[in-house]
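As structure tokens, the structure follows; a few thoughts come after it.
Order of the sequence lines sets the chain letters (A, B, ...), proteins ahead of strands, with each chain counted from 1.
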Protein chains: 2
Amino acid sequence: MSRADEALRAARELLEQDGPDAMTMRRVADRVGIRAPSLYKHVPDKAELELRLVAEGLQELGRALRGAGPGLAELARAYRAWGLAHGRLYSLMTERPLPRERLPEGLEASAAAPLLEAVDGDTDRARAAWASAHGLLALELAGRFPAGADLDAAWAAMVAAFAG
Amino acid sequence: MSRADEALRAARELLEQDGPDAMTMRRVADRVGIRAPSLYKHVPDKAELELRLVAEGLQELGRALRGAGPGLAELARAYRAWGLAHGRLYSLMTERPLPRERLPEGLEASAAAPLLEAVDGDTDRARAAWASAHGLLALELAGRFPAGADLDAAWAAMVAAFAG
DNA sequence: GTCTATACCCGGATAGAC
DNA sequence: GTCTATCCGGGTATAGAC
């Protein structure tokens with residue numbers, strides 16, 4: 001495993017376990033077992049590390065979605081499950097513009113394909129459904145709903161709206 | 001206008017015009033015309049400033065929603081318009097848990113009322129619809145959709161899903 | 001490819017004089 | 001209620017020796 005890959009692993013662990021503020025070049029270096037300045041011999045800068053994390057997350061989320069059973073309900077379940085299991089990475093993937101020109105060709109389309117298929121190729125409907133799932137997940141991850149809120153029921157209502 | 005109110009205005013201007021990283025106690029103080037340490041004679045800490053901004057935003061958003069025409073389409077239009085006009089504040093309001101116990105009584109319910117009424121008191125459906133609007137708005141604010149995406153159409157598809 | 005030293009920047013917040 | 005001085009923490013990144 002190259003130092004660059006080790007750095008990527010370390011960055012992801014810091015992000016997922018301790019949050020975005022913990023993902024600093026100093027701490028990544030610590031985890032790799034070198035000093036921060038040495039990190040720059042293997043990774044150009046922090047932005048590159050983040051870019052690779054986003055690409056990795058998109059790849060994994062796409063795989064989870066392609067592996068889901070047919071229908072919007074199963075797709076929603078898989079989306080939510082992956083997002084909850086990788087909340088910090090999910091946020092990193094969705095809170096800023098996607099640097100599409102620096103991402104592997106077809107990566108975004110590959111992740112979007114299952115949903116697009118589920119809505120018979122209707123792009124507007126696909127965007128609305130994606131955004132709805134994203135909104136529910138983002139608010140859930142942010143702890144923004146009241147304590148007793150029945151989120152399973154909210155997800156079911158969302159699926160029903162788009163399926164019905 | 002008290003110094004505390006001046007600080008609130010300054011914080012909001014910095015947030016809305018230059019983004020969350022620009023909203024520092026030093027810059028707020030600069031704008032008020034005093035030194036940063038003096039700010040602490042008027043405001044306990046930065047968290048309090050942010051809390052008041054969230055309360056102010058919730059109040060304004062609620063007013064915008066209550067002023068909207070009847071129906072989900074008009075509600076969605078008002079929600080999106082307010083969010084786009086106050087993107088940074090909107091993000092601050094939605095990206096972390098609401099400190100409900102420190103907010104004016106009834107503020108959240110008052111903002112939620114128009115939507116709850118539009119879905120005939122169905123809480124699950126209201127949460128799903130709110131989250132959908134939030135997701136669309138959040139992704140739009142984040143610049144997360146591809147350049148040519150027809151977001152008006154996506155909003156229409158979302159409204160149709162919940163109305164139909 | 002690693003290190004030490006460092007440049008340069010920033011943040012929130014407090015102490016104590018006036 | 002304002003100030004200066006300061007504490008204490010942090011960050012990204014580079015220079016130059018080894």
Side-chain angles (χ1 to χ4, degrees), chain A residues 1-57 87-89 91-93 95-99 102 142, chain B residues 1-57 87-89 91-93 95-99 102 142:
Chain A
M1 200 177 188
S2 73
R3 281 278 197 246
D5 287 342
E6 287 182 62
L8 196 66
R9 295 272 68 75
R12 179 158 177 180
E13 285 170 14
L14 285 164
L15 172 65
E16 298 212 35
Q17 291 164 15
D18 302 328
D21 290 349
M23 190 181 56
T24 71
M25 295 302 265
R26 293 195 215 256
R27 284 197 238 221
V28 168
D30 274 354
R31 238 171 223 244
V32 170
I34 58 179
R35 302 293 180 174
S38 307
L39 205 48
Y40 290 86
K41 298 289 186 181
H42 309 283
V43 176
D45 52 29
K46 192 184 179 186
E48 178 68 23
L49 226 37
E50 294 177 336
L51 175 77
R52 292 186 198 178
L53 284 179
V54 168
E56 190 171 286
R88 265 71 176 258
L89 179 53
S91 295
L92 186 68
M93 292 159 58
E95 73 195 357
R96 37 177 125 169
L98 254 201
R102 308 186 55 213
Chain B
M1 201 178 187
S2 73
R3 281 278 199 242
D5 287 341
E6 288 181 62
L8 197 65
R9 294 271 70 74
R12 179 159 178 181
E13 285 170 14
L14 284 164
L15 172 64
E16 300 216 53
Q17 291 163 15
D18 302 329
D21 291 348
M23 191 180 56
T24 71
M25 295 300 266
R26 294 194 213 257
R27 282 196 239 220
V28 168
D30 274 354
R31 236 168 225 247
V32 171
I34 59 179
R35 302 292 179 176
S38 308
L39 206 48
Y40 291 85
K41 298 289 186 181
H42 308 283
V43 176
D45 52 29
K46 193 185 179 185
E48 178 67 22
L49 226 36
E50 293 176 337
L51 175 77
R52 293 186 198 176
L53 284 179
V54 167
E56 190 171 286
R88 265 70 176 259
L89 179 53
S91 296
L92 185 69
M93 292 159 58
E95 73 195 357
R96 37 177 123 169
L98 253 201
R102 307 185 57 213

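Atom CZ of A:R9 is surrounded by more than 12 heavy atoms from other residues, nucleotides or ligands within 6.0 Å.
Between B:M23 atom CE and B:Q17 atom CD the span is 13.0 Å, to the nearest 0.5 Å. Atom CD of B:E16 is separated from atom CG of B:L92 by 10.0 Å, given to the nearest 0.5 angstrom.
Within the 4.0 Å cut-off from OP1 or OP2 of C:dC3, at least one side-chain nitrogen or oxygen of A:S38 is found.
Each of B:R12, B:M93, B:R88 was compared with B:L53 under the side-chain contact (heavy atoms from CB on, under 4.5 Å) criterion, and only B:R12 meets it. Of the residues listed (A:D21, A:V28, A:L89), the one engaging A:L15 in a side-chain contact (heavy atoms from CB on, under 4.5 Å) is A:L89, and it is the only one.
In this structure, B:E6 atom CD and D:dG1 atom C1' are separated by 13 Å, rounded to whole Å. Per the geometry, CG belonging to B:L39 stands 12 Å off C1' belonging to D:dT2, to the nearest Å. Separating the CZ atom of A:R35 from the C1' atom of D:dA13 is a distance of 17 Å, rounded to the nearest angstrom.
One N or O on the side chain of B:D45 and one on the backbone of B:E48 form a donor-acceptor pair closer than 3.5 Å.
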Strictly under 4.0 angstrom, non-hydrogen atoms only: write out the protein contact profile of nucleotides 5-18 of chain C, one letter per nucleotide from the 5' end, B, S or -.
B-----BBBBB---

